[in-house]
2 protein chains.
Amino acid sequence: MAISLSDIAERAGVSVKTVSGALHGGSARMSDDTRQKVKAIAEELGYVTNLAARGVRQGWLPLVGVVSDGLITSPFATEIVRGLDGAARSAGMAVFAVNHSSGQSIGSVVDEVQQFRPRAVAYAAMYHKDVDLPPALAGSVGVMINCREASGRVTSLVPDEEGGAREIVRYLLASGRRRIAFINLPGILAGALREKGFRAALEEAGLEPIGVLPAVRRSVYSDRAPSLVASHVETLLAAGQRPDAILCGNDRVAMEVYAALARAGLKIPDDIAVASFDNQVELASRLDPPLTTMALPHRAMGRLAMEILLAGEPQPPHLRKLPFHLVERASV
Amino acid sequence: MAISLSDIAERAGVSVKTVSGALHGGSARMSDDTRQKVKAIAEELGYVTNLAARGVRQGWLPLVGVVSDGLITSPFATEIVRGLDGAARSAGMAVFAVNHSSGQSIGSVVDEVQQFRPRAVAYAAMYHKDVDLPPALAGSVGVMINCREASGRVTSLVPDEEGGAREIVRYLLASGRRRIAFINLPGILAGALREKGFRAALEEAGLEPIGVLPAVRRSVYSDRAPSLVASHVETLLAAGQRPDAILCGNDRVAMEVYAALARAGLKIPDDIAVASFDNQVELASRLDPPLTTMALPHRAMGRLAMEILLAGEPQPPHLRKLPFHLVERASV
DNA sequence: CTGAAAGCGCTTACAG
DNA sequence: CTGAAAGCGCTTACAG
């Protein structure tokens with residue numbers, strides 16, 4: 001069995017309370033002498049705090065549970081976790097991630113996590129979507145990350161897709177582009193919202209889109225679906241109103257646009273500008289020319305989520321849209 | 001505060017012990033009547049077991065800590081976790097993953113995990129490497145995954161790189177190939193071990209390698225380093241002894257080999273066979289022709305690690321090499 | 001078949 | 001400045 005406070009107390013000739021105060025109670029008043037002695041003995045015996053014991057006393061363990069809809073594997077999901085983890089660490093909390101695989105109900109996964117009496121629980125979606133949280137869970141899940149909770153009973157943190165699209169369009173406009181096409185990701189929430197922002201920003205400038213086209217044939221975007229990008233680019237270039245900028249649904253799509261433009265003998269950004277969403281660094285920074293793209297606020301969502309969870313004052317539930325951030329490279 | 005056993009006991013008019021037995025003690029003898037009544041009340045009150053309380057009694061929480069050297073983000077790492085998680089679940093344990101970022105010592109991260117009194121702790125490396133575990137941790141870390149622990153004080157689970165290379169070479173030989181080149185990943189343990197297996201299998205057949213070449217210029221393989229693959233392929237094809245098979249360090253390298261062979265007007269597998277390591281499904285299955293490749297035993301390492309950790313009888317520490325598995329597609 | 005009590009390792013009022 | 005005791009919510013001998 002591991003060393004306990006009473007082992008240290010015995011060895012130091014003081015009470016357990018004194019040991020507890022010396023090791024953990026930063027503010028507990030006692031002679032520096034005693035404190036030093038206790039710490040030395042603890043170190044010598046290799047004492048490791050028993051958080052389970054502290055937890056049963058306090059009613060909670062220094063954990064924040066994160067239930068995610070699938071294994072955390074994409075770079076985006078990793079960023080969310082990074083954000084959560086950084087903020088948790090500063091607060092002395094650890095992140096306990098459990099994934100909600102297809103077989104189970106959200107409720108059963110949340111209960112599983114609750115058995116450990118975490119300080120708080122978050123739900124994180126792997127991509128921006130709508131999620132219905134069962135009403136019974138509104139009390140136990142403190143914040144929804146990367147998804148919109150329908151009932152409005154719990155605070156949701158999502159990327160400001162519409163704002164991000166507006167921003168990149170304005171940037172294209174500021175660079176002098178006027179005929180802008182959008183090869184968008186179809187069938188997903190992010191795509192629909194970005195299209196709204198795209199159209200709004202053009203309208204604001206008194207312009208019309210040159211074309212809003214789906215990157216793939218299937219109604220739901222997937223990297224596996226057969227791509228329409230190359231043929232769209234050809235169509236756009238053949239038309240009377242040839243675009244001077246193409247906005248892409250993500251960096252992968254942009255890569256295909258690059259290839260199609262190269263085939264057509266067009267120079268980026270001189271003949272035509274290309275911009276997109278995602279900022280997959282490995283990809284975007286290595287394209288030639290490096291790609292200007294809107295980075296998603298994944299890390300910020302993670303950080304803010306943790307701050308909300310650990311804040312003393314609970315705020316009324318709301319939907320919070322976090323801003324994208326423009327990564328300027330050389331494609332515009 | 002949450003519902004406790006005593007709340008249920010009071011409501012049911014029985015002792016706490018009876019409630020505990022009814023809910024958790026599968027074998028505890030009591031009238032079916034009592035058990036049903038207790039269960040109904042627990043359900044009604046929304047009781048959730050307090051594992052912290054049980055943990056302080058038992059001395060451990062139903063957790064297995066996994067310390068990993070970096071955020072779990074690659075598909076390989078995900079497979080390890082999947083293996084661990086599946087086996088943990090069957091044993092009623094949860095996986096508690098903590099990543100060991102560059103700033104901290106392994107020891108401090110392990111201690112952090114130990115505060116939660118997990119049932120066991122594993123260490124997982126993101127790629128096959130040598131790791132020195134500080135001697136003090138030999139007692140607390142039960143198994144090393146995807147790395148070789150130098151001192152031999154703790155069981156290590158690694159892919160059998162040498163055996164995997166032998167197997168794929170034998171497969172190429174069985175398909176009638178005789179002049180085999182290897183474009184290997186330089187500067188990493190996996191590459192060195194595979195090269196041994198590659199040479200051994202050829203020697204066994206009385207053959208010489210046509211060439212063993214590094215995929216990148218830098219001494220350590222990285223996807224970002226400038227690739228030498230295309231020029232190697234040209235060199236190999238121009239030589240007198242043109243290879244009839246090229247083994248590749250990973251699927252990415254194979255993809256580049258495909259491109260170079262296409263440029264040279266060579267057909268796979270008729271003119272030349274291509275095989276590799278990794279089985280990155282997205283990539284390997286979508287190449288044309290689909291790529292024959294050796295899959296790494298990541299999931300198996302995870303599963304076995306958990307079995308070792310949770311086994312009653314501790315085995316003496318040893319190095320266990322897990323077999324690759326051949327994924328036959330159409331490139332050989 | 002069931003209860004009352006002890007105890008796991010902590011922290012927190014309550015006394016001195 | 002320090003100690004003895006109570007109590008967090010469980011489980012596990014010990015009695016009946």
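The chains referred to below are lettered A, B, ... by the order of the sequence lines, with proteins before strands, and numbering in each begins at 1.
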Side chains of residues 125-136 of chain B: which donor-acceptor pairs under 3.5 Å do they make with residues two or more places apart or in other chains?
unit_1	atom_1	unit_2	atom_2	d
B/His128	ND1	B/Glu161	OE2	2.7
B/Lys129	NZ	B/Asp69	OD2	2.5
B/Asp130	OD1	B/Arg148	NE	2.8
B/Asp130	OD1	B/Arg148	NH2	3.2
B/Asp130	OD2	B/Arg148	NH2	3.2

Using a 3.5 Å cut-off and no angle test, enumerate the donor-acceptor pairs between side-chain atoms of residues 299-322 of chain B and protein atoms at least two apart in sequence or in another chain.
unit_1	atom_1	unit_2	atom_2	d
B/Arg299	NE	B/Glu79	OE1	2.9
B/Arg299	NH2	B/Glu79	OE1	3.2
B/His318	ND1	B/Pro316	O	3.0

Donor-acceptor contacts under 3.5 Å from residues 2-12 of chain A side chains, at least two apart:
unit_1	atom_1	unit_2	atom_2	d
A/Ser4	OG	A/Ser6	N	3.4
A/Ser4	OG	A/Ser6	OG	3.0
A/Ser4	OG	A/Asp7	OD2	3.4
A/Asp7	OD2	A/Ser4	N	2.8
A/Arg11	NH2	A/Glu44	OE2	2.5

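With the 3.5 Å cutoff on both pairing distances, Watson-Crick and G-U pairs in DNA chain D assemble into runs of at least 3 at C:1-3 with D:14-16, C:5-12 with D:5-12, C:14-16 with D:1-3.
Annotation: side chain to side chain donor-acceptor pair (under 3.5 Å) contacts of B/Arg57 (sequence neighbours excluded): none. With sequence neighbours left out, A/Val81 forms a side-chain contact (heavy atoms from CB on, under 4.5 Å) with A/Ile72. Under the rule for a salt bridge (Lys or Arg N to Asp or Glu O under 4.0 Å), B/Glu43 has no partner lying at least two apart in sequence or in another chain. Partners of B/Asp85 according to the side chain to side chain donor-acceptor pair (under 3.5 Å) rule, which considers only residues two or more places apart in sequence or in another chain, are B/Arg89.
Between B/Leu63 and A/Phe96 there is a side-chain heavy-atom pair separated by less than 4.5 Å.
Computed from coordinates, the A/Glu10 CD to D/dG3 C1' distance equals 16 Å when rounded to whole Å. We find that CG of B/Asp7 is positioned 11 Å from P of D/dC8, with the value rounded to whole Å. Protein atom CG of A/Leu45 is 15 Å distant from nucleotide atom C1' of C/dG9, rounded to whole Å.
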Nucleotide-resolved protein contact map, nucleotides 10-16 of chain C, B/S/- at heavy-atom distance under 4.0 Å: BBB----

